[in-house]
Amino acid sequence: MSHPAVMVGEGERASKRGWRRYLERVGAWLAHKDKGEWFKDMKTSVSLIASIIATMSFQLATNPPGGVVQIGPEDDVDHCRAGLCPGQAVLAAGRYSSQYKMFLMSNTICFVVSLSVCLLLVSGISLNQGFLIWLMSFLMCITLTSLTLTYVMATAMVTPHSVWESD
């Protein structure tokens, strides 16, 4: 009969071999046999994602959280209330003005960078160079980060404080 400590060690080694084998299988499954085909698939996916993100960012800029000041039938187009004129973002003034500025900056960065990725992909520049692939990946990281910040800011502005403070 062997010592219990030896049996635990053998079980750990077998477990590590099992995980290593599993990770190797996953890696083989994810590996692309034809790099040219992989790059074509990746280019198509990135262009679709960048286009959707640009569309979302544009929509958030034209239809911001909290909405815009509406004009009523009795209002004049030049009539402004509480510092806001018709068509301006409601949350841009008052209590949320600094958060709205941060929201607007992160949304603008998201929009401009996602459009830059779209332009890079449709420009016809050969993206077979390592630097351009790195640049496109870096730009997509910036886009996704700023999209996340935009979401967090929008959620913070429109969610009542009682929701955040409740147990």
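The structure displayed is predicted, hence computed values, not measured ones.
- Residues passing the ring pair (Phe, Tyr, Trp, His ring centres under 6.0 Å) test with F138 are W134, sequence neighbours excluded.
- M102 and Y100 end up in the same hydrophobic cluster when Ile, Leu, Val, Met, Phe, Trp and Tyr side chains are linked at under 4.5 Å.
- With a 4.5 Å cut-off on side-chain heavy atoms, V152 and F103 do not count as touching.
- Distance check: C118 SG to L48 CG gives 9.5 Å after rounding to the nearest 0.5 Å.
- Donor-acceptor pairing under 3.5 Å is recorded for the side chains of T150 and S106.
- Across every non-hydrogen atom of A154 and P65, the tightest pair is CB-CG, 3.7 Å.
- Here the shortest heavy-atom pairing between A50 and V117 reads CB-CG1, 3.8 Å.
- A distance of 10.5 Å separates OG of S97 from CE of M157, quoted to the nearest 0.5 Å.
- Linking Ile, Leu, Val, Met, Phe, Trp and Tyr whenever their side-chain heavy atoms come within less than 4.5 Å puts F131 and V46 in one cluster.
- In this structure, CG on L121 lies 8.5 Å from OG on S51, to the nearest 0.5 angstrom.
- In terms of hydrophobic clustering, with Ile, Leu, Val, Met, Phe, Trp and Tyr side chains grouped at heavy-atom distances under 4.5 Å, V113 and M140 are assigned to a common cluster.
- Summarising the geometry, atom CD belonging to Q99 is positioned 9.0 Å from atom CG belonging to L91; distances are rounded to the nearest 0.5 Å.
- Residue Y151 is tested with L149, T155, L147 for a side chain to side chain contact (heavy atoms under 4.5 Å, CB included); the sole match is T155.
- Taken together through direct or relayed side-chain contacts under 4.5 Å among Ile, Leu, Val, Met, Phe, Trp and Tyr, L139 and V112 form parts of separate hydrophobic clusters.
- Counting all heavy atoms, side chain and backbone alike, A54 lies closest to L115 at CB-CD2, 3.9 Å.
- To the nearest 0.5 Å, atoms CD1 (I142) and CD1 (I109) are separated by 8.5 Å.
- The two residues Y96 and A156 come nearest to each other via the heavy atoms CE2-O, 4.5 Å.
- V90 is not listed as a side-chain neighbour of V68, based on a closest heavy-atom distance of 4.5 Å or more.
- Between atom CE of residue M105 and atom CE of residue M153 there is a gap of 8.5 Å, rounded to the nearest 0.5 Å.
- Side-chain contact between I53 and C110: present, with at least one pair of heavy atoms (C-beta onward) separated by less than 4.5 Å.
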